[in-house]
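Naming: A, B, ... by sequence-line order, numbering from 1 per chain.
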Protein chains: 2
Amino acid sequence: MADKAQPDSTPQRPAPSRRRGAALEQAILRAAMEELTETGYAGLTMERVARRAGTNKNAIYRRWPTRAALGVAAYRQFVVTNTQIPDTGDLRGDALEMLRRANRTWSSPTGGILRALLAGARDDPQLLAQLQERTADAGSAAWLTILARAVSRGEIGPEALHPRVATVAVVLLRDEFITRGYPEVPDSVLTDIIDEVYLPLLRGRGTDSPSS
Amino acid sequence: MADKAQPDSTPQRPAPSRRRGAALEQAILRAAMEELTETGYAGLTMERVARRAGTNKNAIYRRWPTRAALGVAAYRQFVVTNTQIPDTGDLRGDALEMLRRANRTWSSPTGGILRALLAGARDDPQLLAQLQERTADAGSAAWLTILARAVSRGEIGPEALHPRVATVAVVLLRDEFITRGYPEVPDSVLTDIIDEVYLPLLRGRGTDSPSS
DNA sequence: CAGGTACGAGACGTACCGTACCTTAATGGC
DNA sequence: GCCATTAAGGTACGGTACGTCTCGTACCTG
């Protein structure tokens, strides 16, 4: 038998002593996030994470039942959501800026991970919900904020302050990513969404109802 | 050494003679589709498909490089798209009927397969495009048709005949499936989409633009 | 009838899954 | 301070699937 030399490709963090509970949990999540950033969701395997965290699969399975759950947990822990809200002075500028940020997010490496997690958690509504919390583009709060400003400026009527209405633009953008697989959505699509759909929707709502 | 008895669970179609080219290709696609309907995309394995088709992995890999490509090819071959267009007499009825059909499709077994394929082809725009052709809800043709009827009835202005505008409703619906993982979207969501977003958008567009 | 080509068959090494089993260390109650 | 409890570590297992490779062989072509 040769030595136990294992010229492993994956980094193996030696266990300092014997970690327990929260300490070990954090080490696992950290290793999982590193795997995600380096090799993506495809590379997130229980065995690799265990090796990298300097532990074994047992410790992981005791905490998370599936790869998807582990991935979502790691993502939630380490990806901070940018909650800044643009304030350009007018609705179109704010909305466009929001879309551009979302576009950048989705096309970034982090966004790639998010997309993969979204696909991986496809049939687990609970996990999906956990992801949504950290996605924040679907979070209607930011959109409602810029709409509220627009209302106070008199750009649109207050009827527009409806969650489903507020997030229409970003939902359309996300659809481009999911159904078309864009690496990055061209800016013309963003302006198209704003000018052809979003603004007409906001301005048209409640302005009147043309007879019918 | 025990005998080579292999009480296999997966059906194994015996090869009649030695098929080649198109005949073999059809046999593989058929086996793939059967696997899809029985065990879903998760059960679509090169090995299982090969066994089922009475051939071997070689023949598959010569034709399709990945599982996703095989799945999409099989889906395209066997799932016929329902291209009927509702005609209820008014725009709201037509749109609602379109959404209800889409909802049924997405929540059916076939829809589950489609969703899985969509996730599986996540980072292959070419495959995604091939899927889109067969999806038809994204196909704006049907939506544009019902809109054209509404225009001729005077319900909405002709400015609404815009592909991105026309498909807004079904895109919002699809988003519910993908980000929320609904088994089936409740009807109230459909009416909400229609009444809060889609109709206001169509009626509001071009009615005017309130200064600014 | 010779030859190229594509298929059938199956083995191969790798990777990962999920589980099981035992050993060993940390922890908290007493 | 001691010991039972608990949670780690370590490791092996059977199983499945991947993707590749090597043959032998049937088919089609010229």
Pairs satisfying side-chain hydrogen bond (donor to acceptor under 3.5 Å, both in side chains), at least one member in residues 112-129 of chain B, at least two apart: none
In A:Arg63, A:Arg30, A:Arg62, the residue satisfying salt bridge (Lys or Arg N to Asp or Glu O under 4.0 Å) with A:Glu25 is A:Arg63
Round to a whole Å and report the spacing from [atom1] of [X] to [atom2] of [N].
X       : N      : atom1 : atom2 : value
A:Arg63 : C:dT19 : CZ    : C1'   : 17 Å
B:Leu24 : D:dC27 : CG    : P     : 13 Å
B:Tyr41 : D:dA17 : OH    : P     : 14 Å
B:Arg51 : C:dA9  : CZ    : P     : 13 Å
A:Ile60 : C:dC16 : CD1   : P     : 13 Å

Walk me through whether A:Asp175 and B:Asp175 qualify under side-chain contact (heavy atoms from CB on, under 4.5 Å). CA-CA 7 Å; A:Asp175 183 70; B:Asp175 183 71; over 6 Å; no
Between B:Arg164 and A:Glu176, does at least one N-O distance fall below 4.0 Å, as a salt bridge requires? yes
Using a strict cut-off of less than 4.0 Å between a Lys/Arg side-chain nitrogen and an Asp/Glu carboxylate oxygen, indicate whether A:Arg48 and A:Glu38 qualify as a salt bridge. no
For D:dG9, take OP1 and OP2 only and decide whether either is under 4.0 Å from a side-chain N or O of A:Asn56. yes
Considering just the side-chain nitrogens and oxygens of B:Thr55, establish if one lies under 4.0 Å of OP1 or OP2 belonging to C:dG8. yes
Quick one: what's the B/S/- string for nucleotides 19-25 of chain D, heavy-atom cutoff under 4.0 Å, read 5' to 3'? BBBB-BB
Restricting to ring-ring contact (aromatic ring centres under 6.0 Å, His included), what partner residues turn up for B:Tyr75, sequence neighbours left out? none
Assign each of B:Ala59 and A:Leu44 to its nearest nucleotide of DNA chain C by heavy atoms, then name whichever residue's nucleotide is nearer the 5' end. B:Ala59
